[in-house]
Amino acid sequence: MTTELVIVRPDDWHLHLRDKDFLPITVNESARSFARAIIMPNLVPPITKLVDVKNYKQRILSALKPDLSFDPLMTLYLTEETDPKEVKDGFVSGQISAVKLYPAGATTNSQSGVRNFEKIKPILEIMAEIKCPLCIHGEVTDNNIDIFDREKAFIDNVLTKIRNDNPALKVIMEHITTKDAVDYVLSENENLAATVTTHHLSINRNDLLAGGIKPHFYCLPVVKREPHRLALVEAVVSGSPKFFLGTDSAPHLDQDKESFCGCAGCFTAVNTLEILAHIFEEQKALDKLELFTSINGAKFYGKNINSDKIRIVKKDKPTSFPEKLSTPRGEITVFKPNFETKWQVLV
Ligand code: NCD
Ligand code: ZN
C-alpha cells in the first residue's frame with residue numbers, strides 16, 4: 001500500500017484570492033502547496049486593465065509570507081469594451097497569462113461580463129493569433145434554461161460556435177461539472193482543455209440539497225447528479241492531458257453564504273491536495289495524481305514544469321483541518337466533504 005507520494009509541486013489553474021483583508025489568508029494558504037495559480041479577476045470592480053493587473057499582483061505579493069514562494073499568474077476580465085491592444089500587450093509582455101470570459105450574470109461579480117458574444121470576436125481572433133488562452137465560465141444565463149442544464153446549453157449554443165469560428169484559439173472550459181462537458185472536451189482538438197475542481201470531484205447535488213441545504217456546498221456551476229461526478233472522476237484519473245486542477249477555491253464570509261441569498265463558492269485551498277489524494281487512491285490511480293495537479297496544466301499553458309517537489313503522506317488517522325479561518329471582517333468556512341482523508345501534505 002502506498003503511504004507516501006513525492007510529486008512535482010502542483011499549480012492551481014483557477015483561483016480566487018479576493019482582495020485586501022482576505023489576501024493574508026488566501027495567498028499563504030495556496031502558497032503552502034501550490035507554486036503558481038491563475039488568479040481570477042472578478043473583484044469589485046473587476047480587473048479589466050493592465051494597470052489593475054499590476055496593482056493587484058503587487059497586493060498579492062505583499063501579502064505573501066517571506067518564507068513562502070508563489071507566482072500569481074494574472075488574468076484580465078473580458079468585457080465588451082476590452083481593448084484588443086491591451087490584451088495583446090499584456091500577454092506578449094507576460095503581464096497576463098490568460099483572459100477570463102464571464103457570461104454576464106453567470107456567477108459572482110460577473111455583471112460586467114459579456115452579453116453579446118459577437119462583440120468580442122475581434123479580441124478572440126487576436127488571442128488565437130498570439131496563443132493567449134481564454135478561460136471560460138461555461139454556463140448560459142437565460143432564465144428559461146434550468147440551472148442544472150446551463151453548462152450543456154452553453155456548449156451547444158455558445159462554445160461550439162466560438163470554437164468553430166476560432167479552431168486555433170486555446171480555450172479552457174473552467175470548472176466543468178457534467179459528463180457532457182467531459183465528452184465535448186475529449187472530442188475536440190488539442191486547443192480545448194478543462195479545469196476540474198476539488199468540490200465537483202467530491203460532492204453531488206444530494207450532498208448539497210438532501211436532508212437540508214448546505215450553503216458551503218453551493219457553488220457555480222452548481223454540483224450535478226452522481227453520474228456526472230463519476231464522469232469527472234473518470235476523466236481526471238485517466239491521465240488525459242486535457243484535464244487539470246483548477247480548485248476554484250472561492251472564499252466568501254460565512255455571513256454571506258449562510259444567508260437568504262447565499263453566495264456561490266467553496267473554499268478549498270486549505271485541503272485540496274489531501275482530498276484529491278483520497279479520491280485518486282480510491283480509484284487506484286495515485287500514479288495519475290501528479291499529471292492532474294502538476295503537469296497537464298503547465299503543458300497546456302506552455303509554462304515550465306515546476307522543479308521542486310512536495311510530499312504527501314498517508315497517516316493512520318484522518319487528517320484534521322481547521323473548520324474556519326478568520327479574517328478581520330469575519331470567518332470563512334473551509335470546504336469539508338462527506339468523507340475524511342488520511343493524506344497530509346508535509347510542509
Ligand atoms: C466564484 C466566486 O465566488 O468568485 N464562485 C463559484 O461558485 N465558483 C465564481 C466562479 O468561478 O464562478
Ligand atoms: Zn471561479
Side-chain angles (χ1 to χ4, degrees), residues 11-20 22-23 25-27 30 34 37-48 56 60 72-78 97-114 133-141 147-148 150-151 154 172-178 181 194-205 207-209 213-224 232 244-259 261-269 272 297 327 329-330 332-335:
D11 300 306
D12 183 350
W13 299 99
H14 183 133
L15 176 64
H16 300 269
L17 292 174
R18 311 301 191 205
D19 208 349
K20 301 191 180 114
F22 275 54
L23 291 179
I25 287 179
T26 55
V27 172
S30 287
F34 296 97
I38 286 280
I39 308 302
M40 288 295 144
N42 61 333
L43 303 185
V44 187
I47 303 291
T48 56
Y56 185 32
I60 293 168
L73 306 173
M74 307 305 289
T75 60
L76 267 184
Y77 184 120
L78 186 59
S97 294
V99 168
K100 179 67 189 275
L101 164 56
Y102 291 101
T107 189
T108 312
N109 304 330
S110 61
Q111 297 79 354
S112 319
V114 175
L134 177 69
C135 303
I136 300 188
H137 183 111
E139 286 190 288
V140 295
T141 55
I147 192 162
F148 290 97
R150 289 181 179 189
E151 185 171 275
F154 187 86
I172 301 113
M173 218 185 147
E174 297 294 336
H175 40 50
I176 58 168
T177 62
T178 57
T195 53
V196 186
T197 76
T198 320
H199 45 288
H200 289 109
L201 292 169
S202 316
I203 55 172
N204 62 29
R205 69 192 211 181
D207 296 314
L208 170 69
L209 294 169
I213 190 163
K214 321 296 180 319
H216 297 288
F217 285 169
Y218 176 58
C219 63
L220 286 169
V222 69
V223 287
K224 308 293 191 301
L232 298 176
F244 39 88
L245 174 62
T247 65
D248 194 16
S249 181
H252 291 274
L253 294 175
D254 283 355
Q255 65 223 45
D256 295 332
K257 284 197 70 70
E258 299 166 8
S259 134
C261 182
C263 293
C266 299
F267 181 39
T268 52
T272 273
T327 79
R329 285 192 292 131
I332 321 170
T333 291
V334 173
F335 177 74

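When a residue number appears, it is its place in the shown sequence, counting from 1. Just follow the structure's listing: the first ligand is 1, and inside any ligand the first atom is 1.
Atom numbering of ligand 1 starts at 1 in the shown order; those under 4.0 Å from a heavy atom of His175 are 11 (O), 12 (O). Below 4.0 Å from some heavy atom of His137 lie the following atoms of ligand 1, by number and element: 12 (O). Here is the list of ligand 1 atoms found below 4.0 Å of a heavy atom in Gly265: 5 (N), 6 (C), 7 (O).
Counting heavy atoms under 4.0 Å from ligand 1, residue Asn109 does not touch it at all. Residue contacts with ligand 1, taken as heavy atom pairs separated by less than 4.0 Å, do not involve His199 at all. At a heavy-atom cutoff of 4.0 Å, ligand 1 is contacted by the side chain of His252 but not by its backbone.
Within Asp248, the N, O or S atom at minimum distance from the Zn ion (ligand 2) carries the name OD1. When distances from the Zn ion (ligand 2) to the N, O or S atoms of His14 are compared, NE2 comes out shortest.
Taking a 4.0 Å cut-off on heavy atoms, Glu139 fails to register as neighbouring ligand 1. Remark: distances from the non-hydrogen atoms of Glu174 to ligand 1 are all 4.0 Å or more.
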Residue pair Thr272, Leu245: steps toward the side-chain contact (heavy atoms from CB on, under 4.5 Å) verdict: CA-CA 10 Å; Thr272 273; Leu245 174 62; 3.9 Å; yes
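When each of Lys257, His216, Arg18 is tested with His252 by the rule side-chain hydrogen bond (donor to acceptor under 3.5 Å, both in side chains), just one qualifies, namely Arg18. Screening Glu139, Gln111, Met40 for a side chain to side chain contact (heavy atoms under 4.5 Å, CB included) with Tyr102, the sole residue that qualifies is Met40. Screening Arg205, Arg150, Glu151 against Thr177 for a side-chain hydrogen bond (donor to acceptor under 3.5 Å, both in side chains) leaves a single residue, Glu151. Here the rule is side-chain hydrogen bond (donor to acceptor under 3.5 Å, both in side chains) with His137, and of His175, Lys100, Glu174, His14 only His175 fits it.
Taking any N or O of Cys219, backbone or side chain, none lies under 3.5 Å from an N or O belonging to ligand 1. For a threshold of 3.5 Å applied to N or O pairs, the pair formed by Ala250 and ligand 1 contains no separation below that value. Not one N or O of Tyr218 is nearer than 3.5 Å to an N or O of ligand 1, by distance alone.
Here the shortest heavy-atom distance to atom 11 (O) of ligand 1, taken over His16, Lys100, Met40, belongs to His16.
Counting only heavy atoms of the protein, atom 10 (C) of ligand 1 lies nearest to Thr107 OG1, 3.4 Å. The shortest contact between atom 2 (C) of ligand 1 and any protein heavy atom is with Thr108 OG1, 3.2 Å. Of all protein heavy atoms, the one lying nearest to atom 7 (O) of ligand 1 is Leu220 N, 2.7 Å. Ala264 O, 3.1 Å is the protein heavy atom nearest to atom 5 (N) of ligand 1. The nearest protein atom to atom 8 (N) of ligand 1, hydrogens excluded, is given as Asp248 OD2, 2.7 Å; this is a heavy-atom distance.
Within the 4.5 Å cutoff, the side chain of Thr327 has heavy atoms near those of the Ile332 side chain. Considering only heavy atoms from C-beta on, Leu17 comes within 4.5 Å of Leu23 through its side chain.
Distance OG/Ser97 to CD1/Ile39: 9.5 Å, rounded to 0.5 Å. Between the CD1 atom of Ile213 and the OH atom of Tyr218 there is a distance of 9.0 Å, given to the nearest 0.5 Å.
Side-chain atoms of Lys224 and Thr178 include no donor-acceptor pair closer than 3.5 Å. Side-chain contact, Thr108 with Asn42: no donor N or O sits under 3.5 Å from an acceptor N or O.
The Zn ion (ligand 2) lies at 2.8 Å or more from every N, O or S atom belonging to His137.
Residues Phe34 and Asp11 share a closest heavy-atom pair of CD2-C, 3.5 Å.
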